[in-house]
Amino acid sequence: MAMDKKSALEMRISKKKILLSIVLFIFLVALIFGAVYLKKVADYQQAVKETVFDGIDAANIPDGTYTGEYDVNFIYAKVEVTVESGKIVSINILEHKHERGKAAETVIEKIIEEQKIDVDVISGATNSSTVIKKAVENALKGEP
């Protein structure tokens with residue numbers, strides 16, 4: 001009888017150790033994935049921060065339709081820009097992967113209105129605005 005009680009106690013302890021090991025393993029995996037995610041976020045934010053504009057003048061661009069894109073991992077934009085008589089006449093957003101930056105899509109109206117790429121960004125959607133503007137610039141520069 002004493003042996004049975006001891007075996008039952010050992011089994012309960014063994015089950016607790018296994019359960020504790022599983023919980024610890026899951027915690028470590030979650031910690032690693034969290035660290036990787038935070039690194040990616042930091043990299044994307046740095047990429048947006050380092051984005052510079054070359055000041056392209058549409059007056060020097062031949063008439064036509066140009067496609068460009070810009071990707072900083074969490075945000076991506078692909079646009080089609082039409083130039084006629086040295087003016088940007090339309091910008092179509094073909095793809096826009098964004099966090100909460102849907103509002104940034106209105107930046108294309110500012111670009112057309114002001115006839116320059118480096119217009120003010122849309123408040124609350126700064127990163128997406130920057131990515132869309134850079135995609136427009138890349139289209140006009142002939143860069144993918």
Side-chain angles (χ1 to χ4, degrees), residues 1-58 60-62 64-84 87-144:
M1 242 338 168
M3 193 66 150
D4 289 336
K5 284 184 180 180
K6 188 176 181 183
S7 291
L9 181 61
E10 286 175 354
M11 279 188 72
R12 274 186 272 161
I13 291 172
S14 179
K15 285 181 183 179
K16 285 182 181 180
K17 283 183 179 180
I18 290 172
L19 185 58
L20 183 61
S21 296
I22 290 171
V23 168
L24 184 60
F25 176 75
I26 291 171
F27 175 75
L28 289 174
V29 168
L31 189 65
I32 290 169
F33 277 107
V36 168
Y37 174 78
L38 290 175
K39 172 73 170 116
K40 285 183 179 183
V41 168
D43 289 348
Y44 125 78
Q45 289 173 333
Q46 188 65 30
V48 171
K49 185 187 239 183
E50 292 175 353
T51 300
V52 293
F53 297 95
D54 296 333
I56 292 185
D57 184 2
N60 299 324
I61 306 292
T65 301
Y66 304 89
T67 303
E69 57 190 335
Y70 192 57
D71 188 0
V72 291
N73 286 331
F74 285 91
I75 302 174
Y76 166 79
K78 183 175 184 179
V79 298
E80 184 179 75
V81 182
T82 302
V83 175
E84 291 177 4
K87 294 194 179 292
I88 299 170
V89 294
S90 72
I91 301 170
N92 295 316
I93 297 176
L94 304 175
E95 289 181 61
H96 182 208
K97 180 179 82 173
H98 53 84
E99 315 173 292
R100 302 172 307 272
K102 179 79 173 152
E105 294 179 1
T106 60
V107 78
I108 63 173
E109 296 164 11
K110 286 183 171 184
I111 294 171
I112 294 169
E113 180 183 311
E114 296 181 30
Q115 288 297 304
K116 65 180 186 175
I117 296 167
D118 199 10
V119 296
D120 290 338
V121 295
I122 304 304
S123 180
T126 303
N127 293 344
S128 283
S129 296
T130 300
V131 169
I132 291 169
K133 292 182 336 179
K134 189 64 175 180
V136 170
E137 179 181 86
N138 288 343
L140 296 176
K141 287 170 57 177
E143 296 178 5

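The ring-ring contact (aromatic ring centres under 6.0 Å, His included) search around Y37 returns F74, not counting sequence neighbours. Judged as a side chain to side chain donor-acceptor pair (under 3.5 Å), and not counting sequence neighbours, the contacts of N127 are Y44.
I61 contributes atom CD1, which lies 5.5 Å from atom CD1 of I56 (distance to the nearest 0.5 angstrom). Atoms NZ and CD1, from K116 and I88 in turn, are 11.5 Å apart once rounded to the nearest 0.5 Å. Separation of atoms CD1 (I117) and CG (L140) is listed at 5.0 Å; rounding is to 0.5 Å. One finds the CD1 atom of I132 at 6.0 Å from the OG atom of S128 (value rounded to the nearest 0.5 Å). In this structure, CG in D54 is found 4.5 Å from CD in E137, a value given to the nearest 0.5 Å. Atom OG1 of residue T106 and atom CD1 of residue I93 lie 8.5 Å apart, to the nearest 0.5 angstrom.
Side-chain contact between T130 and K134 is absent, with no heavy-atom pair separated by less than 4.5 Å. Residues N73 and K40 fail the side-chain proximity criterion, which asks for heavy atoms closer than 4.5 Å. No side-chain heavy atom of Y70 sits less than 4.5 Å from a side-chain heavy atom of I75. The side-chain heavy atoms of L24 and L20, taken from C-beta on, include no pair separated by under 4.5 Å. E69 has its side chain out of reach of N138: every pair of non-hydrogen atoms, C-beta onward, lies at least 4.5 Å apart. Residues V136 and V107 have side chains not in contact (no heavy-atom distance under 4.5 Å, counting atoms from C-beta outward).
Judged by distance alone, the side chain of K78 and the main-chain N or O of T67 form no donor-acceptor pair under 3.5 Å. Remark: the backbone N or O of I112 is paired with a side-chain donor or acceptor of Q115 at under 3.5 angstrom.
Across A58 and V83, no two heavy atoms sit closer than the pair O-CG1, 4.1 Å. Contact between A47 and V72 at its shortest, heavy atoms only, is CB-CG1, 3.7 Å. The two residues I122 and S129 make their nearest non-hydrogen contact at N-OG, 3.0 Å.
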| message | Checking E113 against K110 for the salt bridge (charged side-chain N to carboxylate O under 4.0 Å, His left out) test, could you report, in this order, the C-alpha distance in whole Å, the side-chain angles of both residues, the deciding distance, and whether it holds? | response | CA-CA 5 Å; E113 180 183 311; K110 286 183 171 184; over 6 Å; no

| request: In sequence, state the C-alpha distance, the side-chain angles, and the governing distance for E105 and K102, and then conclude on salt bridge (charged side-chain N to carboxylate O under 4.0 Å, His left out). | output: CA-CA 6 Å; E105 294 179 1; K102 179 79 173 152; 3.0 Å; yes

